[in-house]
Structure formats: C-alpha cells, structure tokens
Amino acid sequence: MSIRSLYWFTNDLRISDNPLLAQAAQNSHQLTCCYLIPSLTPLDQRFQVVASNGLAKQRFLLESLADLDAKLQTLGQSLQIATGEAVSQLCQFIELTEANHLYVSESVDFAIHQTLREVRLRYPQLTVVSLNTHRLFEQAELPFSLAALPDSFSVFRKQVESLDGRYSSQSARWNSDITALPPSVLPSSSSWLSTAIRSINLELRSSPLWRGGESTALEHLEDYFSSDSPLIYKQTRNALDEWESSTKFSSWLANGCLSIGRLLARLNDYETQRGANESTYWIYFELLWREYFQWYALKYGAQLFQFSGIKGQVPLTSYYPQRMRSWINGTTPYPIVNAAMKQLKVTGYLSNRSRQLVASCLVHELSIDWRYGAQYFQSQLIDYDVASNWGNWQYLAGVGADPRGHRRFDLAKQTALYDPELSFIRHWQGEADQHSIDVVDMVDWPVSPAQ
C-alpha cells in the first residue's frame, strides 16, 4: 500500500532532532508538511481582551515558519500554511492529498487533543502516528503513573532527578539526521511569509531582540555555552531587563525550534568542559519546572483552564474592565508592574521575576480572575507554552501546584530588591498613574475624582 502522509507541525518547528519527522520521511511514499496558525477556541474568545495576538508574537512565529520552510525546501519539500478552524483545515489537507497517515507530535494541549479526536471520528481508517518531540522524559521512564503525578514540583523533582536522563546520553533519542524527504503533491503556500514579516517590522518600528527559527536557536545555543553566563546564571536570573541575565531558550523551546534533548546535551557538555556548579544545575532545575508543567497539563486536561484550578477552590476575584485595561496598558498605581506590562507589549517577553509580579498584581491587588491574565499572556508571549503559562498562572492564583496557596508579592519590596535604581521603571516609562484605577463603582455609576 502506498503510504501518503500528512505531517502536522505544531510545537516541533525544526528539522534536526525531530524523531517523528525522521520516521515520516522513512516510512512515507508521499509527504505533505503543514502548519495551522491557531485560531481562537471558545475559551480564548471568552477571556480575550485584545483583538489579536501581539505583533512581537506574530513576528517570532512567522520567522520560525519561514526558517522551517527554507530548511524543508533544501530537502525537496515546502510548508503548507493555513488559517482557520483546525479540524476543517486538517480535513481539507487530508482530502487534497488523499492522506492515509497523519503525523503529529505528542502534545499536552487540550485543544489539539480535541482536534485529533474529531479527525479520527471523521476518518476512522486514518493512521495517526505520534512521538514525543517536546518533553524531557517518556511516560514509561517516570517513577510514577500519570494519575499519581506529585501535587508539588518539589516532590516531582526529587523523584525524577535520580533518573538516568540527567547525565547519560539523553540526546540519543533525538539524533535523527534527515537528508531527504518524500515529495509533496501540493505547491508551496509560504511565499507570503517574508512580506508579512516585513509588514510587522514596519508596524513595530523596532528590531526583534531575537529571531524565531531553528537556525537562530542553534546559533544562540552555541553562543550561550561559549560564554561564562551559565556559570553565573543563578546570580543573574532575576534581572528584569538584561539580555545576558537569563538563558533566553524558552521561546525556541516553546515553538519547538530547539529540542530539549539537544539543550540538555549541550548543558552536560558544558559542565564536563567548564565544570558544574550551582548555576549550571539551576538551568537543569528550571528545565525540570518546565517538564513538571508538561505532565501537569497532560494529567489535568481541561482543569488547566478552570477558575477553581485543580484544587476546587474558587478565588475571591472577579472581572473589572477598567482595571484590566490599566494592567494591560501599564497605567496602574504600581510602577514596576507598569514597566513590565509595557515591555511585554513591545517585546513579547518578560523575565520570570516580572511575570510573577504582574500576575500577583492582577490577582491580589486588582482582584481580577486569573484566567484573563493567562489568556492575555497567551496572546502576547513569544515563548507561550500552554502548560507552563496556564500552570504558572494557577500557581500564582493559589489554585494550582503551589502548596503554600496564595503567593502574594510585596511590590514595593520587590522594586527595592530588583530595581533599586528605578532604571527598569524609567526605561519602560512605568511611573505610577495618578488617576483612580476605578472609573465606575459596583453598580456602574461613574466615580468622581474627589472620591
């Protein structure tokens, strides 16, 4: 039987270290590669507070797709890009190519699970092939079942740190050199990518801090581990604005431009050559945080998006449109929050410390339903990952994996610790807004300035 395959790229926008693509290349007579630009789900539409994804996020994704398409073309292939509802777009590709195999990376994204469930129902004879291209561990390697996933990261870490994956040839499973791909029956549809990127650049009027794509990811990987930065990472990781302060791998990992296996292998090599210390360990420590949330999302599914989270405890928050707008626009009474939110809008990126501060502000100071913040981050972050984003928001809102419950940050104290010279606040013009954060009262009457 002729194997006609459709490869659906999701969180694996790369050619190297992609075992699933290597398998599709080896087993298919005909192969069509596609990417579906995500459309808004009903959940997104409910909590959407901006009209579309941020420009910085759009640019990073399009750059990643352009780089992937260029690499595919060197192998005699091209990338089909479609927009619209995922099920209908996948069905169109299946019909056009008469595909009898669908390849898609294993995902923890509940929306992707729903899409695949519907496609299987419509095409019961379709063979769906999936492999892990995004997580550090396979489920069979974990010392517990998915149902018994620890309720806290600390317990998870202690159990998985003893696994062989840390210092053995963890990258072996990812080694999948691809020298050729089977032909596609469809012409390229990606010629508009460069025009779209130029248009976004003109609108943003700024160069990106870093570009999307596997090529740039691999360059940064070598640059970072050719420096002393890994040796001092733990001392610099809480900085709010400096390029060198953190690894900056998250955007490429989230989009799959860089494999977790290659990153870990390069970290291990660095420790062998330069020596291991608390800072190099801390890079691995934070990769384990990422890993924990992948399994967390897989275990809890739709609960990842529920108001009461995984604990069934309803937070004492609501939704205040004016407060939400103030938070988004950086016009709250909290300068460090304002600066961070303006930075996010321009760059599509925030340091880990800034993310915690603005999330704490939204939930605790502004008393807003955490899901509006999570969805806004989803629309803006160039390193958006469904598991890390929604899992961390649950954590800060006190409905997730934090054993301490509500984690409220003292914003004045945090400013003194991490921006004592107020340079971050001045750079991003985060000075406090002097107007009242509320313009209407609880029954929607205008609040007078005197009040």
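Start at 1 with the first residue, then count along the sequence.
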Exercise. Return yes if some donor-acceptor pair links the side-chain N/O of N132 with the main-chain N/O of H134 below 3.5 Å, else return no.
Key: yes

Quiz item: Can a donor-acceptor pair be found between the side chains of Y35 and D69 at a distance below 3.5 Å?
Solution: no

Practice problem: Given side chain to side chain contact (heavy atoms under 4.5 Å, CB included), test R262 with L221 step by step and report yes or no. | Solution: CA-CA 9 Å; R262 176 168 289 205; L221 184 71; 3.7 Å; yes

Quiz item: Is there side-chain contact between F156 and E291, with at least one heavy-atom pair below 4.5 Å?
Solution: yes

Quiz item: Hey, are the side chains of I328 and M324 touching, using non-hydrogen atoms and a 4.5 Å cut-off?
Solution: yes

Practice problem: Report yes if some heavy atom in the side chain of Y233 is under 4.5 Å from a heavy atom in the side chain of T280; otherwise report no. | Solution: no

Quiz prompt | Set of residues satisfying salt bridge (charged side-chain N to carboxylate O under 4.0 Å, His left out) with respect to R120, sequence neighbours excluded | solution = none

Quiz item: Any sub-3.5 Å donor-acceptor pair from E271's side-chain atoms to A276's backbone N or O?
Solution: no

Quiz item: Would H427 and D241 satisfy side chain to side chain contact (heavy atoms under 4.5 Å, CB included), going step by step from the backbone distance to the final call?
Solution: CA-CA 10 Å; H427 177 74; D241 212 10; 3.6 Å; yes

Quiz prompt | Gap between atom CG of L186 and atom CG of L79 - 0.5 Å precision | solution = 11.5 Å

Practice problem: Answer yes or no: is there a donor N or O on one side and an acceptor on the other, between the side chain of S130 and the main chain of V104, under 3.5 Å? | Solution: yes

Quiz item: Looking only at side chains, do N27 and H101 share a donor and an acceptor under 3.5 Å apart?
Solution: no

Quiz item: Is the count of non-hydrogen atoms from other residues, nucleotides or ligands lying under 6.0 Å from Q26 atom CD greater than 12?
Solution: no

Self-check item: Contact check, side chains of Y103 and L21, non-hydrogen atoms, under 4.5 Å
Solution: no

Quiz item: So does D383 pair up with K248, basic N to acidic O under 4.0 Å?
Solution: no

Self-check item: Of W243, F225, W210, the residue whose pairing with H220 passes ring-ring contact (aromatic ring centres under 6.0 Å, His included)
Solution: W243

Practice problem: May I ask you to check whether Y395 and W289 place their ring centres under 6.0 Å from each other? | Solution: yes

Self-check item: Results of side-chain contact (heavy atoms from CB on, under 4.5 Å) for S107 - residues two or more places apart only
Solution: D109, I112

Practice problem: May I ask you to say whether R122 pairs ionically with E118, meaning some side-chain N is under 4.0 Å from a carboxylate O? | Solution: yes

Quiz item: Hey, does the side chain of Q394 reach the backbone of L304 with a donor-acceptor pair shorter than 3.5 angstrom?
Solution: yes

Quiz item: Given the rule in the side chain to side chain contact (heavy atoms under 4.5 Å, CB included) test, do N18 and Y7 qualify, once you have shown the distances and angles that lead to the verdict?
Solution: CA-CA 12 Å; N18 192 334; Y7 192 101; 3.3 Å; yes

Quiz item: With a 4.5 Å heavy-atom cut-off, do L344 and Y376 have their side chains touching?
Solution: yes

Quiz prompt | Qualifying residue for ring-ring contact (aromatic ring centres under 6.0 Å, His included) with F153, from Y296, F285, W295, F293 | solution = F285

Quiz item: When the ring centroid of F249 is compared with that of Y224, is the distance short of 6.0 Å?
Solution: yes

Self-check item: Side-chain donor/acceptor of W8 to backbone N/O of C34, under 3.5 Å
Solution: no

Quiz item: Do L396 and V363 have side-chain heavy atoms sitting under 4.5 Å apart?
Solution: no

Quiz item: What distance do I94 atom CD1 and Y123 atom OH have between them, rounded to the nearest 0.5 Å?
Solution: 5.5 Å

Practice problem: Classify the side-chain pair K71/S16 by whether it contains a donor and acceptor separated by less than 3.5 Å. | Solution: no

Self-check item: D385 vs Q294, side chain to side chain donor-acceptor pair (under 3.5 Å): CA-CA, chis, key distance, verdict
Solution: CA-CA 9 Å; D385 174 277; Q294 298 299 310; 3.1 Å; yes

Practice problem: Please state whether the rings of Y319 and Y372 are parallel, tilted or perpendicular, taking 30° and 60° as the class boundaries. | Solution: parallel

Quiz item: At what distance, to the nearest 0.5 angstrom, does OG1 of T41 lie from CD of Q48?
Solution: 10.0 Å

Quiz item: Side chains of E98 and Q30: does their closest heavy-atom pair fall under 4.5 Å?
Solution: no

Self-check item: side-chain contact (heavy atoms from CB on, under 4.5 Å), paired with L366, selected from S326, C361, S318, S360
Solution: C361

Quiz item: By side chain to side chain donor-acceptor pair (under 3.5 Å), which residues pair with Y300, not counting sequence neighbours?
Solution: none

Exercise. Check the pair E214 / I15 against side chain to side chain contact (heavy atoms under 4.5 Å, CB included), numbers first and verdict last.
Key: CA-CA 8 Å; E214 179 183 2; I15 301 298; 3.9 Å; yes

Practice problem: Determine whether V314 and S308 make a side-chain contact, defined as any pair of heavy atoms from C-beta on separated by less than 4.5 Å. | Solution: yes

Exercise. Ignoring hydrogens and angles, tell me if any N or O in the side chain of S279 forms a donor-acceptor pair with the backbone of K234 under 3.5 Å.
Key: yes

Practice problem: State whether the side chain of R353 and the backbone N or O of L240 hold a donor-acceptor pair below 3.5 Å, judged by distance alone. | Solution: no

Quiz item: Hey, is the main chain of I3 close enough, under 3.5 Å, to the side chain of H29 for a donor-acceptor pair?
Solution: yes

Self-check item: Pairwise distance CG(L288) to CH2(W282) - rounded to 0.5 angstrom
Solution: 11.0 Å

